[in-house]
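Being a predicted model, the structure only gives us computed values, none of them experimental. Throughout, a chain's letter reflects where its sequence line sits, starting with A, and its residues are numbered from 1.
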Amino acid sequence: MTTRVRFAPAPTGFLHVGSARSALFNWLYAQSTNGEMILRIEDTDAALRKPEFIDAIVKPLQTLGITWDEGPYYQSQRQQFHVEAVEQLVESGHAYFCNLTREQADELAAEAGLPAGYHGWSRDKGLADSAECVVRFKTPDEGEIVIHDVIRGDVTFSCADLEDFVIRRSDGSPTFLVANAVDDADMNITHVIRGEDLLNTTPKVMLLWDALDFGEPPTYAHLPLLVNEKRKKLSKRRDDVSLMDFLAQGYLPEAMINHLALLGWGPPDDVEIRPIAEIIELFKLENVNKGSAFFDVTKLNHINGEYIRALPVEDFIDMAEPFVYGIDTEISWDKDNYDAAVFAMVAADVQQRVDTLAEIPRFIGWIFTKDVEFDVESKGFKKAIIKGKMVPEILDAMAERFATVEWNAEAMNAAVSAIGDELGARSQVPARVAITGTNAGIPLWDAAATIDRQIVLDRIAALRSLV
RNA sequence: GCCCCCAUCGUCCAGCGGCCUAGGACGCCUGCCUUUCACGCAGGUAACACGGGUUCGAAUCCCGUUGGGGGUGCCA
């Protein structure tokens, strides 16, 4: 039998890295078993039906290279099937109408001295349908439901703990529990792979599944949650989790995928950074971990850096293009001041120093801006300039010689080295700080020679005034 | 409160009863390379939550404790 999996997100705005990870694991499983993947949008709630939300799911998946064979299907468009299922459940006595609000149900519970929750208040009232009514499923009073989970083993719930849950809202729309059962059955889903936060809803879907007489249910696999540094479930409100935001910050899709694949799973041979084809080959659903995983940007940075460094330099230059003007960063400059040929010259040097493409401006800003800023509080500045030996003398000598030195890398470099030799001090670092604003960066002189002489002289003077 | 899940270095992963004086990766530290910073290379740091069993033998199996998390909606 062909395996069929589905990625079924609720459209709630941008795609979150946790959702991307769920999509990825579904995809990995489908790919590794030569199966099929379905994209299904879970928009049973009217508030979720916004076209822009669909784009926010589809585009990131496409960018990541996560493909699907069918869909997107919309649960909202399949509502008639869900409604029919609800009707069937009412007719077969598995469900009933209820006209209580949540507040009323809680009050009743309090009065009766029962724990909060719905205690089947309307079960035997024989209410007829009306505009205020919801439909609730009549959960069995006793017995157990066992979920066979590929990752977690058997998980047992007792029916007594399950309240009669709502399967159709008072506006007539069925809830996702019904939609889940009906659609998974109709679409011949064989494996439901999703986040652990949905584990508790599974017995309810199972109950519906049996009541609807759907036969053999799919196999379940609940993935460990992705958490923040406080070990809380990643949340859109608290955490930076927008997949597209990461890509916009210069993380490569391949690196992102690689990192995500390593959260909750690891290859048996300990080789972490590798092509997706190899990951597909090695991936085993039953080897997925149970414990939650911290989405660690530090590790992502490293992986991304490796991917960037592995790029042919021409590709790096192409990919750098959107980032190269320093838009939205602390360093930016006019497009007219940018010289693509100069960037191409230093690109290979930049490439091995950045972990994300958004860091590029930091390494080249001094070439295309007029003034540089000296971060006098930084450790590098203190070490190189404040504690450096004979810095004023070096700068004075530089100012003098750079006024007339032949304006090319070799001559400039030689002049500064000569100053160092004559004064018996390290002259290259102060020269670098004067010209670039910082003691760290790409090889200096080739790029420096592309800057106007007067600008360089002004920078030397500016630094001289600080020491 | 109730239900469910989880528990190996700070972090991610390996370990599926003997190969473990617990391995890899990130981070951090040291050294080498280097007229800067990186890259690269070589080292180092650091963990089986606790207590009981089972077994000739447990990080691995069972039970309990503790800790963490998820759910508890007419959201999904």
Side-chain angles (χ1 to χ4, degrees), chain A residues 8-12 19 42-45 47-48 75 98 100-102 105 115-118 132-136 147 149 151-153 155-158 160-163 165-177 179-180 194-203 222 224-225 227 229-233 259 261-273 286-287 289-303 305-306 309 349-355 363 380 383-384 413 416-417 420 426-433 436 438-445:
Chain A
T12 56
S19 303
E42 308 235 316
D43 58 348
T44 63
D45 189 34
L48 302 178
Q75 288 195 322
C98 171
L100 297 176
T101 62
R102 190 79 219 174
Y118 186 87
E132 302 87 60
C133 277
V134 299
V135 179
R136 287 184 180 270
I147 309 298
D149 191 289
I151 296 168
R152 279 153 222 287
V155 182
T156 306
F157 295 85
S158 55
D161 293 326
L162 266 21
E163 69 172 29
F165 52 93
V166 172
I167 59 175
R168 195 207 70 185
R169 305 180 184 90
S170 55
D171 69 359
S173 63
T175 60
F176 90 108
L177 296 164
N180 247 268
R194 23 117 93 143
E196 194 198 339
D197 49 347
L198 291 166
L199 181 55
N200 291 306
T201 70
T202 310
H222 287 92
L225 256 22
V227 298
E229 62 288 339
K230 293 193 176 120
R231 307 224 61 96
K232 304 277 192 200
K233 179 169 93 158
H259 179 238
L262 263 14
L263 261 22
W265 176 83
D269 60 5
D270 280 340
V271 179
E272 296 189 323
I273 297 177
E286 59 270 29
N287 286 351
N289 288 158
K290 301 182 180 92
S292 53
F294 172 45
F295 183 83
D296 189 357
V297 178
T298 308
K299 179 111 181 204
L300 210 210
N301 284 339
H302 172 258
I303 294 173
E306 294 275 318
R309 270 172 251 127
D349 292 322
V350 175
Q351 185 178 2
Q352 63 176 0
R353 286 173 173 75
V354 296
D355 280 339
F363 287 93
K383 187 176 173 218
N413 184 7
V416 168
S417 290
R426 285 162 62 86
S427 57
Q428 290 284 346
V429 174
R432 168 179 292 278
V433 174
T436 71
T438 160
N439 65 312
I442 59 174
L444 181 62
W445 297 112

[atom1] spacing across the pair [N] / [M], given as an integer number of angstrom:
N: B/U34; M: B/C13; atom1: C1'; value: 34 Å
N: B/U45; M: B/G52; atom1: P; value: 30 Å
N: B/G71; M: B/U60; atom1: C1'; value: 30 Å
N: B/G10; M: B/A46; atom1: C1'; value: 8 Å
N: B/G64; M: B/A22; atom1: P; value: 31 Å
N: B/G15; M: B/G24; atom1: C1'; value: 11 Å
N: B/A59; M: B/C20; atom1: P; value: 13 Å
N: B/C62; M: B/G18; atom1: P; value: 16 Å

Measure the distance from [atom1] on [X] to [atom2] on [N] and round it to the nearest whole Å.
X: A/F176; N: B/G73; atom1: CZ; atom2: P; result: 12 Å
X: A/Q351; N: B/G40; atom1: CD; atom2: P; result: 13 Å
X: A/F165; N: B/G71; atom1: CZ; atom2: P; result: 18 Å
X: A/H259; N: B/C13; atom1: NE2; atom2: C1'; result: 11 Å
X: A/I167; N: B/A76; atom1: CD1; atom2: C1'; result: 17 Å
X: A/K232; N: B/G71; atom1: NZ; atom2: C1'; result: 14 Å
X: A/N289; N: B/C12; atom1: CG; atom2: P; result: 10 Å
X: A/I303; N: B/G24; atom1: CD1; atom2: C1'; result: 13 Å

N or O in side chain of A/N287 less than 4.0 angstrom from B/G15 OP1/OP2: no
If only side-chain N and O atoms of A/R231 are considered, is one of them under 4.0 Å from the OP1 or OP2 phosphate oxygen of B/G69? no
With a 3.5 Å limit on both atom pairs, tell me what [N] is paired to, counting Watson-Crick and G-U wobble, or say none.
N: B/G18; value: B/C56
N: B/A49; value: B/U65
N: B/G43; value: B/C29
N: B/G73; value: none
N: B/G23; value: B/C13

Please name all residues satisfying side chain to side chain donor-acceptor pair (under 3.5 Å) with [X], sequence neighbours left out, ordered by chain then number.
X: A/T298; answer: A/D296
X: A/R432; answer: none
X: A/D43; answer: A/S76

Can you tabulate the close N/O pairs, meaning under 3.5 Å, that link protein atoms to atoms of nucleotides 63-65 of chain B?
none

Report which part of the nucleic acid [X] touches: base, sugar-phosphate, or nothing (heavy-atom distance under 4.0 Å, all strands).
X: A/R136; value: sugar-phosphate
X: A/F294; value: sugar-phosphate
X: A/G264; value: sugar-phosphate
X: A/L177; value: nothing

Would you say [X]'s side chain and [Y]'s backbone share a donor-acceptor pair under 3.5 angstrom?
X: A/T44; Y: A/T175; answer: no
X: A/N289; Y: A/G291; answer: no
X: A/R353; Y: A/D349; answer: yes
X: A/R426; Y: A/A384; answer: no

Contact check, side chains of [X] and [Y], non-hydrogen atoms, under 4.5 Å:
X: A/T202; Y: A/R194; value: yes
X: A/K383; Y: A/V429; value: no
X: A/R152; Y: A/P224; value: yes

Distance check, rounded to the nearest 0.5 Å: [X] atom [atom1] versus [Y] atom [atom2]?
X: A/F294; Y: A/E229; atom1: CZ; atom2: CD; result: 5.0 Å
X: A/N413; Y: A/Q428; atom1: CG; atom2: CD; result: 5.0 Å
X: A/H222; Y: A/L198; atom1: NE2; atom2: CG; result: 6.0 Å

Taking atom types as modelled and ignoring hydrogens, do the side chains of A/N180 and A/Q75 form a donor-acceptor contact shorter than 3.5 angstrom? no
Most 5' of A/C133 and A/K233 on RNA chain B, judged by nearest nucleotide: A/K233
Can you pull every protein N or O that's under 3.5 Å from an N or O on nucleotides 2-6 of chain B?
unit_1 : atom_1 : unit_2 : atom_2 : d
B/C5   : O2'    : A/R152 : NH1    : 2.7
B/C5   : O2'    : A/E196 : OE2    : 2.8

Encode nucleotides 26-39 of chain B as B, S and - characters from 5' to 3', where the letter depends on protein heavy atoms closer than 4.0 Å: B to the base, S only to sugar-phosphate, - to neither. SS-------BBBBS
